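Each chain gets a letter, A, B and so on, in the order its sequence line appears, and its residues count up from 1. Please read all numbers here as calculations on a predicted model, not as lab measurements.
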Amino acid sequence: MAELSSSQTVPGLDLGAEESLGLYRRMRLIRSFEDAVQVQFQAGNVHGTTHLYSGQEAGAVGVCSVLGEGDKVAGTYRGHGHALALGVSPQGLMDELLGRETGLCGGRAGSMNVVDASTGLIGCFGIVGGSIGAATGAALSQKLLGTGTVAVAFFGEGTANQAYFHECLNWAQVEKLPAVFVCENNMYMEFTPIENVTAGEIVARPIAMGIHTRQVDGNDVWAVREAAWEAVEHARSGRGPAFLETLTYRFVGHSRSDPGRYRRPGELEEWRRRDPLLLARAGLEQRFGIGPARCEEVDAEVAAELEGIVAAGLAAPFPRPSAAATEFKHG
Amino acid sequence: MAELSSSQTVPGLDLGAEESLGLYRRMRLIRSFEDAVQVQFQAGNVHGTTHLYSGQEAGAVGVCSVLGEGDKVAGTYRGHGHALALGVSPQGLMDELLGRETGLCGGRAGSMNVVDASTGLIGCFGIVGGSIGAATGAALSQKLLGTGTVAVAFFGEGTANQAYFHECLNWAQVEKLPAVFVCENNMYMEFTPIENVTAGEIVARPIAMGIHTRQVDGNDVWAVREAAWEAVEHARSGRGPAFLETLTYRFVGHSRSDPGRYRRPGELEEWRRRDPLLLARAGLEQRFGIGPARCEEVDAEVAAELEGIVAAGLAAPFPRPSAAATEFKHG
Amino acid sequence: MGESATIEYRVAVREAIDEEMARDPRVVFFGEDVAVAGGVFAVTPGLEGEHGGSRVFDTPISELALSAGAFGAAVTGLRPIFEIMFADFLPLAMDSLINQAAKYWYVSNEQASCPLVVRSAMGAGGNFGAMHSQSPIPWLQGVPGLKVVAPATAGDAYALLRASIQDENPVAFLEHKRLYSVKDSVSDGATLPLGEAAVVREGNDLTLVSLSKGVRDCLGAAEELAERGIGAEVVDLRSLRPLDTGTVLRSVAKTNRIVVVEEGPLIGGWGANLLGIVAAEGLHDLDDAQVIACPETPIPYSPTLEDAWMPAEGRIVAEIANRA
Amino acid sequence: MGESATIEYRVAVREAIDEEMARDPRVVFFGEDVAVAGGVFAVTPGLEGEHGGSRVFDTPISELALSAGAFGAAVTGLRPIFEIMFADFLPLAMDSLINQAAKYWYVSNEQASCPLVVRSAMGAGGNFGAMHSQSPIPWLQGVPGLKVVAPATAGDAYALLRASIQDENPVAFLEHKRLYSVKDSVSDGATLPLGEAAVVREGNDLTLVSLSKGVRDCLGAAEELAERGIGAEVVDLRSLRPLDTGTVLRSVAKTNRIVVVEEGPLIGGWGANLLGIVAAEGLHDLDDAQVIACPETPIPYSPTLEDAWMPAEGRIVAEIANRA
Ligand SMILES: Cc1ncc(C[n+]2csc(CCOP(=O)(O)OP(=O)(O)O)c2C)c(N)n1
Ligand SMILES: Cc1ncc(C[n+]2csc(CCOP(=O)(O)OP(=O)(O)O)c2C)c(N)n1
Ligand SMILES: [Mg+2]
Ligand SMILES: [Mg+2]
């Protein structure tokens with residue numbers, strides 16, 4: 001049936017050496033991008049607030065690696081990783097954070113609300129739960145228009161206690177929408193340990209609604225990719241939404257100005273030993289005999305790329321205020 | 001501990017003949033009250049809209065029969081039964097529906113929003129989910145004030161798909177609040193069969209949160225009473241909220257002007273054979289040898305009582321408009 | 001086309017949805033009990049049969065999901081219409097309307113529009129009580145990016161709803177419960193631009209401004225005032241955002257007296273807000289200014305109390321006469 | 001008691017909560033990350049240690065449940081204070097505020113009051129973007145039964161928050177993010193009645209009316225205007241409901257010119273609403289009337305765009321000068 005044809009646009013599940021190295025490169029790009037954002041934030045060039053994805057890269061990269069033409073993604077205020085994993089222009093994203101006219105949204109959106117129609121990024125949603133609603137609606141379009149594509153929502157585990165989560169999961173399952181709900185469980189809702197505010201296991205909730213549900217090591221990009229492949233195929237084939245919980249950890253503060261006092265002693269160090277970049281390097285060596293040297297080349301290339309991006313961004317013009325005066329698209 | 005002491009105010013679980021007949025009388029009062037409301041609505045004396053409880057009487061009567069001093073109840077727009085089962089004055093309720101100054105809320109509330117502080121009726125809530133929120137908050141008071149009492153929320157199964165349900169159940173379980181959530185499953189959300197809009201079993205949702213959960217025949221007043229006793233004791237003892245799903249059926253339209261076209265052929269007749277009043281009569285006979293004659297006496301007494309109530313209500317004065325002019329309670 | 005018929009307001013609403021769904025396959029319609037049952041106010045019967053269950057469907061009681069789903073669908077290729085049964089329930093859906101739908105076109109730097117319509121039944125006068133009788137306009141008018149439309153007649157309901165469905169912006173389309181059974185003439189195929197007020201009665205002595213059911217009350221009051229020798233011009237705002245202050249200012253330039261009639265509180269209401277804008281732009285045209293609104297209380301149930309709360313025809317006449 | 005100290009606005013808020021919790025055991029405080037972490041704006045550190053984890057506690061991300069829980073608790077014996085982190089998130093909690101809390105005392109025929117306070121951080125100027133910078137006043141002001149308070153100084157924040165906690169009605173207490181670090185003098189034990197505006201600067205040529213951060217902008221503008229020989233009186237409304245129009249009318253009777261400054265849109269905003277009420281009651285005292293509000297768009301992120309959007313001191317001076 002038509003709905004399935006475009007699943008051909010998804011690359012095969014087994015990746016070769018170069019493609020696997022591509023996943024590593026993408027994760028490194030995100031890590032380095034976030035480091036650069038942090039520097040620019042402290043320098044006062046990135047404004048307001050930022051929520052960095054550092055430590056969670058395998059999640060977005062693994063999931064987006066199985067998406068194809070026409071699939072849609074809704075991310076969060078912690079969305080730089082979601083955007084870059086999907087293939088959004090790092091220059092456009094950096095310029096947006098720097099508030100420049102050349103930004104993806106001309107400087108109107110900022111870190112928390114980026115939209116990039118060209119890559120299928122419906123948007124990043126600064127208000128918790130928004131990504132779930134947006135992807136549910138996009139999946140409604142995809143079902144009714146028969147596109148054979150899927151819509152992915154990324155959100156954190158703290159979001160599982162909020163209205164959007166419950167109402168949208170139920171409705172998506174009732175309507176058998178091609179939505180994939182990716183719950184990135186980094187163990188904390190801002191500064192609060194998730195178990196302090198959550199009754200039972202999060203995965204028990206979609207399971208109670210009969211939704212196809214899996215849990216996966218969110219720091220192992222190959223594991224995420226396999227689980228995401230299965231979830232996406234489930235949704236794409238018209239069997240209804242799928243739910244994927246990725247177990248991961250945030251290496252940096254929740255947002256600017258978070259000392260992270262809530263972390264248990266040794267917790268951060270323990271997780272750093274499971275850094276998605278380290279795990280990916282180990283995997284590249286073991287699966288394809290790709291050694292550290294090759295990875296360091298990639299790191300250097302990415303570092304150079306980012307230096308150029310930051311320089312160009314800082315040289316770009318700020319938007320002219322007159323732009324603030326439009327209200328409606330005239331129908 | 002202090003929390004437990006006031007559970008003494010709950011009557012023993014085993015009921016004698018007279019007490020059991022009292023349950024029957026209460027159910028009959030509700031049925032006859034609703035019949036009278038229907039007549040007065042058609043006569044144009046009850047205004048706006050009404051949602052009748054006819055057919056579901058065993059639920060509210062069974063649950064409220066295990067409540068004691070200081071326990072609170074939040075009902076719905078289908079709340080006449082919740083109110084009467086709790087012991088609200090039928091005269092005050094009828095006068096409210098007739099829009100009279102002598103009504104429980106002086107005619108300000110009407111059928112959907114009745115409040116009666118004197119019996120612990122926090123209120124009836126015209127907006128779906130409101131009863132769940134109100135009882136959750138009341139349970140927060142009860143826990144923090146150490147009253148040893150519980151708060152009961154009545155709501156329909158269609159309400160299980162809405163925000164209040166999810167957020168409040170999670171929070172109540174996290175805080176171990178003495179709340180009892182009574183989901184009255186009458187199989188329809190207005191005119192829509194519940195399975196058309198609901199993913200999975202409703203009880204699977206509280207179970208996923210680790211909430212003490214039971215399902216019960218909602219037309220058998222003794223069965224409801226036993227399940228409610230257990231649920232209330234669970235909540236009262238500080239072990240957190242309990243969830244009770246009562247399986248029942250609505251004999252009349254959802255609200256005024258509902259022809260009930262959605263009913264499956266024979267469905268209504270089938271359920272009428274399981275009329276809570278018939279089941280109660282059978283139970284009285286079998287458990288206590290109380291025959292139909294005694295029940296008919298009760299029916300006649302209730303009928304006479306209601307005749308007087310309606311007459312008095314229709315004779316009561318309407319509120320004077322000046323009453324509409326206050327805004328704030330002056331702190 | 002171009003033909004005209006005399007039909008109920010509720011039928012005009014259905015006709016508009018029906019025709020837009022026939023015209024544009026991207027238009028879909030969903031809500032609680034709107035499809036199989038045809039809606040609790042019998043506004044949408046037959047649409048499911050006409051356009052099929054995949055384009056017209058019943059939903060769970062999930063106002064926030066409906067709103068968010070409509071948003072997500074609107075920015076990805078559909079043109080959803082959804083119903084929030086009573087406007088009193090709109091707050092449950094407002095996060096998505098305010099923070100997602102209303103902001104998308106602007107914040108995305110105009111990458112995509114958000115063409116959705118939320119239909120809702122508003123208004124008092126039916127003894128539905130405090131939570132089923134409100135006007136949501138005060139909650140929604142101050143949201144740039146969200147259009148707010150409230151038709152007073154079947155003809156306007158038809159033409160404005162078609163325009164709302166064709167509009168690229170999110171539109172809150174507010175239908176007054178007390179108007180559903182009122183009939184008047186509708187001309188086939190008509191649309192009206194959103195944001196244009198109409199002078200529905202001419203007069204020289206004062207300008208009565210209202211919308212929705214208030215326009216009928218004002219027209220009735222104008223008749224009575226005419227008998228007393230006061231010539232009232234009546235302006236139907238039709239839309240609260242965009243807001244057509246120009247038409248009001250032109251009328252006031254002629255009459256020099258404005259009376260705004262609002263079914264809702266004075267404080268935080270659209271009526272005093274409009275008068276403030278008029279005062280800022282046309283102060284020297286004003287010899288007198290007045291807002292007839294409602295007591296600052298929830299809406300009471302009992303007929304005697306609700307009648308006193310409403311800004312009814314009689315009260316409009318009396319308050320104007322007392323002031324004159 | 002009676003002593004006064006110079007402290008930050010954020011500290012004044014904490015002091016008020018701290019003292020009310022010490023004074024009244026029925027007062028409890030909850031919200032997201034407010035207890036152990038002390039709040040994302042560092043407003044409430046130490047309260048949990050002071051009053052214990054059962055009276056000060058962290059919650060799930062469940063804005064609607066927090067609001068409904070506060071309502072249910074308030075009508076059954078507690079006096080809850082809860083925080084909605086950013087005022088932009090209030091729509092998620094509004095069904096309970098509007099349809100339950102605001103209506104309870106009236107609809108129950110005064111059987112029970114609903115003493116709760118919802119604290120929330122509002123306002124633009126920090127480049128937080130369109131969904132973390134809004135003023136919720138337009139959404140909340142038109143709700144009879146819900147008081148809306150927005151202090152401009154640390155002293156008022158302290159006195160008005162204590163009064164709000166002691167009030168028997170639900171109160172939305174709105175704290176401007178750009179004021180948290182501003183210091184001024186607070187007098188211990190003070191409370192202020194809700195619904196009383198204050199003349200914070202005297203002048204004879206025009207009346208500047210605003211609230212919250214806008215009052216600071218107006219005071220700054222008044223200084224510059226003074227240099228140009230224009231004497232501006234500045235009125236701080238402090239509360240949007242109850243609304244103290246009397247103080248504004250008295251000032252306007254003296255100055256004959258009003259300029260309302262609002263951080264938000266003109267259409268549907270409180271500024272034009274206030275001007276409309278003033279026009280209806282005091283038209284003949286007005287020689288000129290003006291509202292300085294913001295472009296009818298979402299709030300942009302980029303500093304150049306947000307600065308242009310804000311009704312800043314410079315813009316206030318310029319728009320008044322251009323008009324004069
Ligand atoms: C509705 C809403 N409530 C509160 C917030 C403030 N907030 C931003 S992130 C966050 C924590 C979210 O935790 P989680 O869902 O686990 O995502 P994470 O940040 O850990 O990726 C909160 C409470 C918000 N943005 N939206
Ligand atoms: C938030 C909200 N949405 C919609 C409605 C309209 N409405 C009133 S009753 C009802 C159906 C409720 O079904 P259920 O929860 O099963 O309760 P029942 O009426 O069957 O007792 C609906 C949709 C409402 N009152 N509140
Ligand atoms: Mg998290
Ligand atoms: Mg039901």
- Where does C/I61 contact chain B at under 4.5 Å (heavy atoms): side chain, backbone, both or neither? both

- Could you tell me whether a side-chain N or O of C/S62 sits under 3.5 Å from a main-chain N or O of B/N161, the two making a donor and an acceptor? yes

- Contact leader toward chain C among B/R261, B/E101, B/H254, B/M189, where contacts are heavy-atom pairs under 4.5 Å: B/M189

- Just by distance, do the side chain of C/S302 and the backbone of B/G107 share a donor-acceptor pair under 3.5 Å? no

- Under the side-chain contact (heavy atoms from CB on, under 4.5 Å) criterion, do B/I127 and C/F86 qualify, and how do the steps go? CA-CA 10 Å; B/I127 294 185; C/F86 285 75; over 6 Å; no

- Smallest heavy-atom separation, C/A37 atom then B/F191 atom, equals CB-CD1, 3.3 Å

- Message: If you count heavy atoms of other groups shown closer than 6.0 angstrom to CZ of C/R216, is the number above 12?
- Response: no

- Query: Does B/Q162 reach the side chain of C/L92, with side-chain heavy atoms less than 4.5 Å apart?
  - Reply: yes

- Note on the structure: Separation between CD (B/E190) and CG (C/D58), nearest 0.5 Å, reads 10.0 Å

- Query: So, for B/F318 and C/P303, which heavy atoms are closest and what is the spacing to 0.1 Å?
  - Reply: CE2-CD, 4.5 Å

- Task: Measure distances from B/F165 to the heavy atoms of chain C and classify the residue's part below 4.5 Å as side chain, backbone, both or neither.
- Result: neither

- Identify which of C/T59, C/V36, C/D88 forms the greatest number of heavy-atom pairs closer than 4.5 Å to chain B. C/T59

- Straight-line distance of B/R108 CZ to C/T297 OG1, nearest 0.5 Å: 7.5 Å

- Side-chain touch B/H47/C/Y301, heavy atoms, less than 4.5 angstrom: yes

- Message: Under 4.5 Å from any heavy atom of chain B, what part of C/E32 do you find: side chain, backbone, both or neither?
- Response: both

- So does B/E201 have more than 12 non-hydrogen atoms from other groups sitting under 6.0 Å from CD? no

- chain C contact via B/A109 - which portion, at a heavy-atom distance below 4.5 Å: backbone

- Query: Side chain, backbone, both or neither: which part of C/T304 has a non-hydrogen atom closer than 4.5 Å to chain B?
  - Reply: both

- For C/D33 and B/T192, does a side-chain donor sit closer than 3.5 Å to a side-chain acceptor? yes

- Stepwise side-chain contact (heavy atoms from CB on, under 4.5 Å) check, C/M131 with B/M112: CA-CA 9 Å; C/M131 292 85 165; B/M112 290 194 279; over 6 Å; no

